[in-house]
2 protein chains.
Amino acid sequence: MSHRPFHHGNLRAVLLEQAEAVLRERGTDALSLRELAREAGVSHGAPRSHFPDRGALLDALAERGFLRLDEEIRRAAARVRDGRAEGGHAELLRAAASAYVGFAVREPALLDLMFATKADEPPEAVRDAAGRLFATMGGLMDAGVAAGAYPASDVARLTLLLSATVQGISALVTSRRITAARGEALVDDAVTLLLSGAAAAGR
Amino acid sequence: MSHRPFHHGNLRAVLLEQAEAVLRERGTDALSLRELAREAGVSHGAPRSHFPDRGALLDALAERGFLRLDEEIRRAAARVRDGRAEGGHAELLRAAASAYVGFAVREPALLDLMFATKADEPPEAVRDAAGRLFATMGGLMDAGVAAGAYPASDVARLTLLLSATVQGISALVTSRRITAARGEALVDDAVTLLLSGAAAAGR
DNA sequence: ACTAGAAAGTAGTCAATGACTACTTCCGGA
DNA sequence: TCCGGAAGTAGTCATTGACTACTTTCTAGT
């Protein structure tokens, strides 16, 4: 809070929003600090006070991406919970997984950025945001224990597995290996198989 | 004959090999056509006759990546088949999936390139190479039908699902979200669950 | 209220790069 | 043999990220 009116107003926020638009429309390669500065009406050196280098911008974008994705999954899950209290656990997972892939379709370049190869450990802010997403996924999976879908001891592994699978489906879609529709169908298959497999293994 | 010949002889191949090394050691961002030219001992414009622009180089690298990954998975599967004829279908899938993730660990930047977001359809050569990989995966999954693990009608979907899952696990590992060891464990879980889930659903 | 100083922004510079062009060298096939 | 095109050279240009020195603005401490 207390975002006082300084020179530009709130350059950092504006840069991030513009950057997200560029990412969406022209991809990561088209992201230029100088262009962002031009469009924001500031000098080419201005972004430097908010992002030491281009990598810092990308990190900030990745962090926001994780937060947004987390939020969208939460919302999708809440819709299912509110809508039909008896929708079933599978329905919940399907909605969350579908929201994930939907995000990937709408923001392919951003998702690429979020899961891009890191030589070093990712910055703490990004790591935290990513952790939040996985925590949310874990929370959803927890509900399956109460529903008797699998033992609590399996939740951690199953959460990771589901996360990996939706991320993989997203990668297949955004890299144009399969269509978005096929991706959606895969989400269904994935959830179905996860639940039936977990039940069978737990028996 | 005292000086090096005007024509390099096999510039294209050399550039690709050097590029793969750079990719491995310093990542995609560090890939510069001019640097490659320098190290190959040719003028900065020389690569242009083999790769119209930087994107063409990246496409060629992605194509080779798919071919290599396909080859490594084939080899891993062959090892299992040769070793113990009665190793079981699960063992085969585990070996293939493990080889996939192993490739990701050894060539993270290359895998990123292979599954990077595409605005347009990928070039035909890349598409073909990727298709070969998925065909290989499908071939492995076919073996499960004879073994009675799942009906033939499920092979296509299960292949896509397994491919997506190993790709997702790879993404989690290369983006440092989980360790390589945890990735390996996830591979086991994924194969186990895929088979038990498929069996349960088929019943 | 005043002022020191940090934060935010300006302007200029530099080396590197990708993408072009015009030109040269060399190879192989009709 | 010769001729056309592939491969390579050399020069140029705009753009970019990263840096530096400097100025303006806000704020915190007294």
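Just so you know, these numbers come straight off a predicted model, no measurement behind them. Convention: sequence-line order gives letters A, B, ...; per-chain numbering from 1.
In terms of position along DNA chain D, the nucleotide closest to B:Ser49 lies nearer the 5' end than the nucleotide closest to the other residue of the pair A:Asp53 and B:Ser49.
Side-chain proximity of B:Arg34 to D:dG17, C:dT17, C:dG9: nearest is C:dT17. Listed candidates were C:dA8, D:dA18, C:dG18. Nearest to the side chain of A:Leu33 is D:dA18. Closest approach to the B:His44 side chain among D:dG8, D:dT16, D:dG11 is made by D:dG11 (side chain taken as heavy atoms from C-beta onward). Looking at the side chain of B:Ser32, the nearest of the listed nucleotides D:dA7, D:dG17, C:dT17 is C:dT17. Counting only heavy atoms from C-beta on, A:Arg54 has its side chain closest to D:dA18 among C:dG9, C:dA19, D:dA18.
In this structure, the side chain of A:Ser170 does not engage the main chain of A:Ala104 through any donor-acceptor pair within 3.5 Å.
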**Request:** Mind running salt bridge (Lys or Arg N to Asp or Glu O under 4.0 Å) on B:Arg132 and B:Asp128 for me, showing each step along the way?
**Result:** CA-CA 6 Å; B:Arg132 207 149 132 177; B:Asp128 287 351; over 6 Å; no
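A close approach under 4.0 Å does not occur between any side-chain nitrogen or oxygen of A:Ser43 and OP1 or OP2 of C:dG9. Between A:His50 and the phosphate of C:dG9, there is a side-chain N or O to OP1/OP2 separation shorter than 4.0 Å.
The residue B:Leu57 sits apart from the nucleic acid: no heavy atom pair falls under 4.0 Å. Using a 4.0 Å heavy-atom cutoff across all strands shown, B:Leu36 reaches no nucleic acid atom at all. Among the protein residues, A:Arg38 comes within range of the sugar-phosphate backbone only, with heavy atoms under 4.0 Å from sugar or phosphate atoms but none that close to a base.
If you measure from atom CG of A:Leu15 to atom P of D:dG17, you get 12 Å, rounded to the nearest angstrom. Between B:Phe51 atom CZ and C:dT17 atom C1' the separation is 18 Å, expressed in whole Å. Rounded to whole Å, atom P of C:dG9 lies 5 Å from atom CG of A:Leu11. When rounded to the nearest whole Å, the span between CD of A:Glu35 and P of D:dA18 equals 16 Å. Atom C1' of nucleotide C:dG18 and atom CG of B:Leu58 are separated by 12 Å, given to the nearest angstrom. A:Asn10 places its CG atom 14 Å from the P atom of D:dC26, with the value rounded to the nearest Å.
At most 12 heavy atoms of other shown residues, nucleotides or ligands fall within 6.0 angstrom of atom CD in B:Glu124. Sparse packing is recorded around CZ of B:Arg182, with 12 or fewer heavy atoms of other residues, nucleotides or ligands lying under 6.0 Å away.
Checking A:Ser49 against A:Arg12 by side-chain atom types alone, no donor-acceptor pair falls below 3.5 Å.
For C:dG9, its base never sits under 3.5 Å from the side chain of A:Arg48 at any donor and acceptor pair.
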